[in-house]
Amino acid sequence: MEGAVESRLHSAGVAARRTGRAEKVPGFEQAPDFLIPDHVAPDVAIEAKITNDDGTARDKVDRIVNLVTESRRRVESGGKPFQVVACIDGRGFGVRKERMRRLLLALDGKVFTLGTLDALVDHTDIVRHRSKP
């Protein structure tokens, strides 16, 4: 999924920072997979995952919802919020229907699958960073 997200961002000319596995990023408990435009002044944080395992899906949903909490904390301390976007797919996410409901509500519907990934840039705050039509 990360490669598919990166491809969409690149095609739209969006500058993004892809974080490394277990990378520590200042200001984040756990670094999201992508930060747009960067970690210094993030406007959008993207978490991406494909999994058929419901335990992995559960953990990923919790991690994504935690990013929403981190964005709110920034606002409370006078900082700028960032939009959280999920790009997920696989049977594991379908098994956890209540968690998926929680995720959709927490992200105001900004959840994309492989089938809807073409809408990622135009239907999120990422569109403000687009440099290619």
Side-chain angles (χ1 to χ4, degrees):
M1 181 63 85
E2 289 90 343
V5 169
E6 192 166 42
S7 175
R8 297 313 188 286
L9 297 175
H10 180 74
S11 293
V14 175
R17 179 166 186 266
R18 185 173 181 179
T19 61
R21 182 173 170 82
E23 180 179 347
K24 296 291 183 193
V25 175
F28 291 90
E29 285 181 30
Q30 289 185 303
D33 295 313
F34 296 90
L35 290 163
I36 299 168
D38 56 35
H39 72 283
V40 176
D43 193 32
V44 180
I46 302 174
E47 275 291 329
K49 186 71 171 178
I50 295 176
T51 185
N52 289 320
D53 177 85
D54 61 324
T56 301
R58 177 199 63 225
D59 294 346
K60 187 58 127 176
V61 167
D62 289 346
R63 183 174 175 176
I64 295 168
V65 171
N66 187 51
L67 281 171
V68 174
T69 302
E70 287 187 33
S71 180
R72 288 184 184 137
R73 277 192 217 126
R74 284 181 185 228
V75 172
E76 290 167 3
S77 57
K80 181 180 164 259
F82 54 86
Q83 182 181 56
V84 180
V85 175
C87 298
I88 57 174
D89 213 320
R91 186 193 64 77
F93 290 103
V95 171
R96 300 282 182 168
K97 294 191 186 314
E98 185 54 37
R99 287 205 185 253
M100 285 304 303
R101 180 180 180 283
R102 179 176 164 224
L103 181 66
L104 285 163
L105 290 171
L107 301 186
D108 294 323
K110 302 303 181 194
V111 178
F112 299 86
T113 64
L114 286 172
T116 62
L117 205 54
D118 286 338
L120 173 66
V121 173
D122 291 331
H123 291 84
T124 63
D125 290 348
I126 298 168
V127 72
R128 297 193 302 238
H129 300 274
R130 168 177 268 202
S131 66
K132 294 180 188 175

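Along the sequence shown, residues carry numbers from 1.
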Please answer whether the main-chain N or O of Pro81 pairs with a side-chain N or O of Ser71 as donor and acceptor at a distance below 3.5 Å.
no

May I ask you to decide if Asp125's main-chain N or O and Gln83's side chain share a donor-acceptor pair within less than 3.5 Å?
yes

N/O donor-acceptor pair under 3.5 Å between Glu70 side chain and Glu29 backbone
yes

Would you find more than 12 non-hydrogen atoms of other residues, nucleotides or ligands less than 6.0 Å from Arg91 atom CZ?
yes

Taking Phe112 as the starting point, is it possible to reach Ile64 by hopping between hydrophobic residues whose side chains are less than 4.5 Å apart?
no

Donor-acceptor contact below 3.5 Å, side chain His123 vs main chain Ala119:
yes

When you measure from the side chain of Ser11 to the backbone N and O of Ser7, does any donor-acceptor pair fall under 3.5 Å?
yes

Please report the closest heavy-atom contact between Asp89 and Phe93, naming both atoms and the distance.
O-CD1, 3.3 Å

If you define the side chain from C-beta out and look only at heavy atoms, does anything of Val84 sit under 4.5 Å from Val65?
no

Any heavy-atom pair between the side chains of Leu120 and Val85 that's under 4.5 Å?
yes

Taken to the nearest 0.5 Å, the spacing of Lys60 NZ from Leu103 CG works out to 11.0 Å

Could you walk me through whether Ser131 and Val14 pass the side-chain contact (heavy atoms from CB on, under 4.5 Å) test, one step at a time?
CA-CA 6 Å; Ser131 66; Val14 175; over 6 Å; no

Walk me through whether Thr113 and Thr116 qualify under side-chain contact (heavy atoms from CB on, under 4.5 Å).
CA-CA 5 Å; Thr113 64; Thr116 62; 3.5 Å; yes

Hydrophobic cluster membership, Ile88 vs Ile46, 4.5 Å side-chain cutoff:
no

With side chains defined as the heavy atoms from C-beta onward, is the minimum distance between Ile36 and Leu9 less than 4.5 Å?
yes

Please assess Met1 against Lys49 for the test side-chain contact (heavy atoms from CB on, under 4.5 Å), listing each intermediate value before the final yes or no.
CA-CA 6 Å; Met1 181 63 85; Lys49 186 71 171 178; 5.9 Å; no

Any heavy-atom pair between the side chains of Arg130 and Asp122 that's under 4.5 Å?
yes

Taking NZ in Lys97 as the centre, count heavy atoms belonging to other residues, nucleotides or ligands within less than 6.0 Å. Is the count above 12?
no

Between Val5 and Phe34, is the side-chain contact (heavy atoms from CB on, under 4.5 Å) condition met? List the steps.
CA-CA 9 Å; Val5 169; Phe34 296 90; 3.7 Å; yes

Student check: side-chain heavy atoms of Asp43 and Lys80 closer than 4.5 Å:
yes

Would you call Asp118-Arg8 a salt bridge at under 4.0 Å N-O?
yes

With rounding to the nearest 0.5 Å, note down the distance linking NZ in Lys24 to OG1 in Thr19.
11.5 Å

Considering all heavy atoms of both residues, which atom of Glu47 and which atom of Pro32 are nearest to each other, and what is their separation?
OE2-CA, 2.9 Å

Got a donor-acceptor contact below 3.5 angstrom from the Glu23 side chain to the Gly20 backbone?
yes

State yes or no: do Val121 and Leu114 share one hydrophobic cluster built from I, L, V, M, F, W and Y residues joined by side-chain heavy-atom distances below 4.5 Å, directly or via other members?
yes

salt_bridge(Arg99, Asp62) N-O dist < 4.0 Å
yes

For a 4.5 angstrom cut-off between non-hydrogen side-chain atoms, does His39 reach Pro26?
yes

Electrostatic pair Arg17-Asp33, nearest N-O below 4.0 angstrom:
no

Using the rule that Ile, Leu, Val, Met, Phe, Trp and Tyr join whenever any side-chain heavy atoms are under 4.5 Å apart, tell me whether Val61 and Val68 fall into a single cluster.
yes

